[in-house]
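Notes follow the structure.
Scope of the values below: all heavy atoms of this structure, side chains included, with no hydrogens, waters or symmetry mates. These figures come from a predicted structure and were not determined experimentally.
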2 protein chains.
Amino acid sequence: MGKLPAKTVERLSEYRRTLINCMNHGKEYIYSHELAQFHHKTAVQVRRDIMLMGFSGVQRKGYKVKEMIDAIGRILDYKNGQNVGIVGIGHLGTAILQYFTGKRPKLRVVAIFDVDEKKTGREINGVHCYHVDTIPEVVERENIDLGIITVPPEFAKETAEGLINAGIRGILNFTTVPLNVPEDVYLEEYDMITSLEKVAYFARG
Amino acid sequence: MGKLPAKTVERLSEYRRTLINCMNHGKEYIYSHELAQFHHKTAVQVRRDIMLMGFSGVQRKGYKVKEMIDAIGRILDYKNGQNVGIVGIGHLGTAILQYFTGKRPKLRVVAIFDVDEKKTGREINGVHCYHVDTIPEVVERENIDLGIITVPPEFAKETAEGLINAGIRGILNFTTVPLNVPEDVYLEEYDMITSLEKVAYFARG
DNA sequence: ATTAAATTGTTAATTTATAAACAAAAAGAT
DNA sequence: ATCTTTTTGTTTATAAATTAACAATTTAAT
Ligand SMILES: NC(=O)c1ccc[n+]([C@@H]2O[C@H](COP(=O)([O-])OP(=O)(O)OC[C@H]3O[C@@H](n4cnc5c(N)ncnc54)[C@H](O)[C@@H]3O)[C@@H](O)[C@H]2O)c1
Ligand SMILES: NC(=O)c1ccc[n+]([C@@H]2O[C@H](COP(=O)([O-])OP(=O)(O)OC[C@H]3O[C@@H](n4cnc5c(N)ncnc54)[C@H](O)[C@@H]3O)[C@@H](O)[C@H]2O)c1
């Protein structure tokens with residue numbers, strides 16, 4: 001099965017977030033224009049995304065919330081799930097760890113790594129904190145697929161190399177340092193300054 | 001002067017981050033293909049972005065790092081700068097606050113807001129923490145233009161409304177709740193789960 | 001029953017974003 | 001001096017993403 005466009009994948013993730021929220025509020029059906037409004041998109045785009053993932057709604061009634069969540073899951077979730085490790089459990093790492101716990105059963109944070117002895121060797125938020133030196137063993141043993149990097153910028157490069165050598169498949173980098181990864185590792189980078197500078201630019205006349 | 005495309009604005013912000021780093025390492029000139037490589041873009045795209053912002057390099061020598069930083073500043077920075085407030089000083093809010101301090105002189109975090117009495121009334125990272133009830137006065141007095149929302153999701157909506165009523169022009173929302181804002185307020189939303197789900201999707205065959 | 005309104009699904013058109021192509025200029029080599 | 005190489009700047013072409021258009025279907029109203 002061929003991969004969907006990156007933009008569609010992003011939106012499907014966003015839709016699911018909203019759909020889960022709708023389900024928790026007891027909503028059974030949702031129209032494309034409702035979903036669109038939540039995410040500041042057009043109804044056509046929502047329907048097109050849904051078409052691309054091969055899901056169908058009911059005319060005049062909309063999309064069955066529960067079924068659509070499952071359909072998105074069949075696209076985004078990997079069969080038995082993927083395991084995630086976070087490296088650098090400072091403010092940002094902890095925020096991410098907290099944010100993830102319990103939210104996506106198929107994306108499990110199974111290990112966290114740091115160098116600070118006040119953090120290593122104990123559990124934080126129910127996840128064991130290992131020393132970074134043990135990345136090779138732990139990544140192998142716990143079958144970790146994806147890594148999130150939230151270390152101080154000067155350690156970003158070596159952290160990425162450590163993860164890649166340990167056999168990780170994808171990296172989400174929050175440090176301010178752009179990384180280089182081999183072709184078979186998928187890399188995503190995010191910088192809050194860029195987001196805020198964009199807001200700053202467009203928020204003025 | 002008309003606005004540049006959003007994608008170009010994002011990339012200019014990314015370029016500047018790297019250029020500042022290059023300058024600190026004493027680099028005087030940079031080629032388009034060098035800048036491109038850092039950000040996993042093509043050299044053509046870099047040159048096109050530079051053209052769009054009306055800057056010029058020197059043939060065979062590349063772009064003067066210092067001058068290009070200034071040129072990007074003339075696009076991204078507002079004359080006397082813009083003031084920023086962060087609402088919700090938990091793990092994420094603190095990470096953002098720390099990350100910003102000292103990085104962009106034209107984007108100043110001048111106030112932070114919370115409800116927790118252990119945080120309000122004192123300084124965190126050199127910035128005074130106010131109670132959220134004082135948002136109207138403080139936004140007015142400190143001339144705050146942009147707001148970052150990092151409160152628990154159930155308070156996201158009321159926080160946004162508070163900021164908008166106080167006269168804010170742009171919002172960066174990190175909560176899991178999609179917001180609605182009037183036309184004259186620019187809104188940007190970011191969700192780490194979406195980023196990680198994208199990584200997870202493309203990191204497998 | 002018939003008609004009107006609302007909504008999905010899909011194709012076609014448009015717009016936006018990226019990449020290719022190449023002229024012009026500068027630096028260095030012969 | 002002349003030629004070759006490298007790199008910028010800009011135009012043209014291609015590709016991707018979004019929007020518009022509309023047929024098909026369902027529900028509800030008359
Ligand atoms: N991209 C963004 O939007 C954004 C926002 C905020 C912070 N940041 C960046 O994220 C990173 C973390 O920010 P923070 O506020 O959590 O910082 P922090 O100082 O609170 O946390 C850093 C953590 O990394 C640990 N650490 C240090 N060296 C390490 C190593 N070699 N291996 C593993 N762990 C190590 C420290 O012990 C600490 O726990 C920084 O690079 C910061 O610049 C990025
Ligand atoms: N978008 C993302 O990628 C992402 C990542 C992590 C966390 N989050 C979200 O960001 C938010 C903050 O996360 P966190 O880990 O920092 O949580 P946290 O609990 O550490 O911090 C929340 C802070 O908000 C304060 N607060 C509570 N109610 C408030 C109110 N009405 N007004 C102002 N402040 C109030 C609390 O006192 C606390 O200091 C949460 O909504 C979380 O889900 C988003």
Has B:Lys3 got its NZ or CZ under 6.0 Å from the middle of the six-membered ring of A:Tyr201, at an angle within 45 degrees of the ring axis?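 Yes - B:Lys3 lies over the ring of A:Tyr201, closer than 6.0 Å to its centre and within 45° of its axis.
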When you compare the side chains of [X] and [Y], does any donor N or O come within less than 3.5 Å of an acceptor on the partner?
X        : Y        : value
A:Tyr99  : B:Thr176 : yes
B:Asn83  : B:Glu142 : no
A:Gln82  : A:Arg108 : no
A:Tyr190 : A:Ser195 : yes

Do you know the tightest heavy-atom contact between A:Thr150 and A:Gly93?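 For A:Thr150 versus A:Gly93, the nearest heavy atoms are OG1-CA, 3.6 Å.
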Starting from the 5' end of DNA chain D, give me the residue, B:Arg48 or A:Pro5, whose nearest nucleotide shows up first.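 With B:Arg48 and A:Pro5 compared, the 5'-side residue is B:Arg48.
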Starting at the 5' end of DNA chain D and moving along, which residue's nearest nucleotide shows up first, A:Ala6 or A:Arg47?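 Here A:Ala6 is the residue nearer the 5' end.
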Could you walk me through whether A:Val132 and A:Thr159 pass the side chain to side chain contact (heavy atoms under 4.5 Å, CB included) check? CA-CA 8 Å; A:Val132 282; A:Thr159 300; 5.9 Å; no
Nearest-Å distance for atom pair [atom1]/[atom2], residues [X] and [N]:
X       : N      : atom1 : atom2 : answer
A:Met51 : C:dA12 : CE    : P     : 12 Å
B:Lys64 : D:dT7  : NZ    : P     : 18 Å
B:Met53 : D:dG9  : CE    : P     : 10 Å
B:Leu4  : C:dT16 : CG    : C1'   : 14 Å
A:Gln45 : C:dG9  : CD    : C1'   : 15 Å
B:Ile50 : D:dT10 : CD1   : C1'   : 14 Å
B:Asp49 : D:dT10 : CG    : P     : 14 Å
A:Met68 : C:dG9  : CE    : C1'   : 14 Å

Sugar-phosphate, base or nothing in reach of A:Ser56, heavy atoms under 4.0 Å: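 Sugar-phosphate, no base atom in range.
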Count the heavy atoms belonging to other residues, nucleotides or ligands that lie under 6.0 Å from CG of B:Asn24, then report whether that count exceeds 12.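 Enclosed: over 12 neighbouring heavy atoms sit under 6.0 Å from CG of B:Asn24.
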Pairs touching residues 131-188 of chain A that satisfy ring-ring contact (aromatic ring centres under 6.0 Å, His included), sequence neighbours left out: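 Those involving residues 131-188 of chain A are A:Tyr186-B:Phe202.
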I'd like a list of close polar pairs between nucleotides 27-30 of chain D and the protein, N/O only, cut-off under 3.5 Å.
from	atom 1	to	atom 2	distance (Å)
D:dT27	O2	A:Arg60	NH1	3.0

Interface residues of residues 26-44 of chain A with DNA chain C (non-hydrogen, below 4.0 angstrom):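 Per residue number, the list reads A:Tyr31, A:Ser32, A:His33.
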